Q: 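Following this message is one structure expressed as structure tokens.
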Amino acid sequence: MIIPGGVDPETIERLKREQIELSKKLQLKDIRPVQDIRYVAGVDVTFTDIWKKETVAIACITVIDIKDNFKEVETVFSEREIDFPYIPTFLAYRELPPVLDAYEKIRSEVDAFIIDGMGILHPRKMGIASHFGVITGEISVGCGKSKLVGQFEEPENKNLSYRPVYIDGEKRGYILRTKKNTKPIFVSPGNNISVDSSLELVIKCLNGYKLPEPTRKAHNRLQEYRRKKYA
DNA sequence: GCGACAG
DNA sequence: ATCTTGTCGC
């Protein structure tokens with residue numbers, strides 16, 4: 001039986017078990033002091049033909065030197081046809097393949113990766129940022145624009161106000177308001193970094209906008225790449 | 001049973 | 001995520 005636009009229940013269960021297995025490889029302590037992190041890569045993915053089941057995913061990774069006025073060091077792209085649909089808590093199975101393609105193209109030095117989406121702020125601690133971090137062994141942080149799971153109190157309406165986000169009473173990340181009168185973002189460790197250091201790193205990557213500069217730059221580069229290719 | 005649900 | 005310009009408010 002084929003489910004249009006979906007995935008069979010057996011596959012879902014298999015992927016769940018895979019996430020649980022991968023989560024055993026998580027390392028949530030700092031392998032490096034945050035103050036030593038200089039080259040931070042922003043990772044983002046966009047799509048074309050999203051109304052069809054088989055769409056083209058375009059991934060972008062932009063490396064930013066946060067110790068030299070947020071200078072753009074390198075930017076790489078990668079395209080790939082995708083068939084796996086968007087299913088909450090299984091985002092990695094849709095977006096990670098193109099991201100890994102782009103990852104292989106990077107030639108410059110990178111200290112840490114900030115990825116759109118969640119890290120361990122996920123039911124099985126395997127958001128796309130954690131999945132990426134466990135597979136590559138890199139330092140990774142998840143930075144999402146909306147909530148997936150977790151309990152928290154609303155941060156005050158002022159710049160750099162934040163609150164911890166819990167799952168089963170365990171602190172898994174932070175909700176952070178990066179600007180006054182702006183919707184807060186969700187930060188959590190992907191791999192090889194702690195919950196608190198993840199927040200610290202994202203704050204150091206802010207450059208006056210809602211999103212951290214690496215993420216913002218990758219997103220902007222993607223938009224111009226996509227519309228240029230169509231026109 | 002009902003609502004929630006990254007991109 | 002994507003389709004899309006201007007517009008209202010802090």
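Below, chain A is the first sequence line, B the second, and so on; all start at residue 1. As the structure is a prediction and not an experimental result, all values here were calculated from the model.
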Q: If a pair means Watson-Crick or G-U wobble with both distances below 3.5 Å, what does DNA chain B look like in dot-bracket form, with | marking bases paired to a different strand?
A: .......

Q: Near A/Phe77 CZ, under 6.0 Å, is it more than 12 heavy atoms from other residues, nucleotides or ligands?
A: yes

Q: Assuming nearest nucleotide by heavy-atom distance, tell me which of A/His219 and A/Lys180 is located more 5' along DNA chain C.
A: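 Comparing both residues, the 5'-ward one is A/His219.
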
Q: Provide, to the nearest angstrom, the distance between the CD atom belonging to A/Gln223 and the P atom belonging to C/dT4.
A: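 Between P of C/dT4 and CD of A/Gln223: 13 Å.
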
Q: Using whole Å, what does the distance between atom C1' of nucleotide B/dC5 and atom CD of A/Gln151 come to?
A: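 Distance check: A/Gln151 CD to B/dC5 C1' gives 15 Å.
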
Q: Would you check, one step at a time, whether the test side chain to side chain contact (heavy atoms under 4.5 Å, CB included) holds for A/Phe47 with A/Arg226?
A: CA-CA 9 Å; A/Phe47 301 87; A/Arg226 187 162 55 76; over 6 Å; no

Q: Please give, in whole Å, the distance from B/dG7 C1' to A/Lys147 NZ?
A: 17 Å

Q: Give a yes or no on whether A/Asp168 atom CG has more than 12 heavy-atom contacts from other residues, nucleotides or ligands under 6.0 Å away.
A: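 No.
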
Q: Does A/Arg227 form a salt bridge (Lys or Arg N to Asp or Glu O under 4.0 Å) with A/Glu224? I'd like the steps, not just the answer.
A: CA-CA 5 Å; A/Arg227 67 177 172 74; A/Glu224 65 177 33; 5.3 Å; no

Q: Determine whether more than 12 heavy atoms belonging to other residues, nucleotides or ligands lie under 6.0 Å from atom NZ of A/Lys25.
A: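 At most 12 heavy atoms, drawn from other residues, nucleotides or ligands, come within 6.0 Å of this atom.
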
Q: May I ask whether A/Tyr86 stacks on the base of C/dA1, given the cut-offs of 5.5 Å between ring centres and 30° between planes?
A: no

Q: On the nucleotide C/dA1, are OP1 or OP2 found under 4.0 Å from the side-chain N or O atoms that A/Lys145 carries?
A: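 Yes, such a contact exists.
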
Q: CG of A/Leu211 versus P of C/dA1: gap in Å, rounded?
A: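 Going from A/Leu211 (CG) to C/dA1 (P), I get 10 Å.
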
Q: What's the CZ-P distance between A/Phe84 and C/dA1, to the nearest Å?
A: 19 Å

Q: Measure from NZ on A/Lys210 to P on C/dC10 and round the result to the nearest Å.
A: 18 Å

Q: Going by atom type alone, with no hydrogens or angles, which donor-acceptor pairs under 3.5 Å involve a side-chain atom of residues 128-138 of chain A and a protein atom two or more places apart or on another chain?
A:
unit_1, atom_1, unit_2, atom_2, d
A/Ser130, OG, A/Gly119, O, 3.4
A/Ser130, OG, A/Ile120, N, 3.4
A/Ser130, OG, A/Gly190, O, 2.9
A/Thr136, OG1, A/Phe132, O, 2.8
A/Thr136, OG1, A/Glu138, N, 3.2
A/Glu138, OE2, A/Tyr103, OH, 2.5

Q: Output the rounded distance in Å from NZ (A/Lys183) to P (C/dG9).
A: 21 Å

Q: In whole angstroms, how far is the P atom of B/dG7 from the CG atom of A/Leu121?
A: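 Result: 11 Å.
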
Q: Nearest to the side chain of A/Ser146, which nucleotide is it out of C/dT2, B/dA6, B/dC5?
A: B/dA6

Q: From the set B/dA6, C/dC10, C/dC3, return the single nucleotide nearest to any side-chain atom of A/Arg226.
A: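 Taking heavy atoms from C-beta onward, the closest nucleotide is C/dC3.
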
Q: Taking any heavy-atom pair under 4.0 Å as a contact, classify A/Phe90: base, sugar-phosphate, or nothing.
A: base

Q: For A/Phe84 and A/Phe90, I'd like to know if the aromatic rings sit close, meaning centre-to-centre distance below 6.0 Å.
A: no

Q: Looking for any heavy atom pair under 4.0 Å, which part of the strands does A/Gly127 touch: base, sugar-phosphate only, or nothing?
A: base

Q: Does A/Ile128 reach a base, just sugar-phosphate, or nothing at all? Heavy atoms under 4.0 Å.
A: base

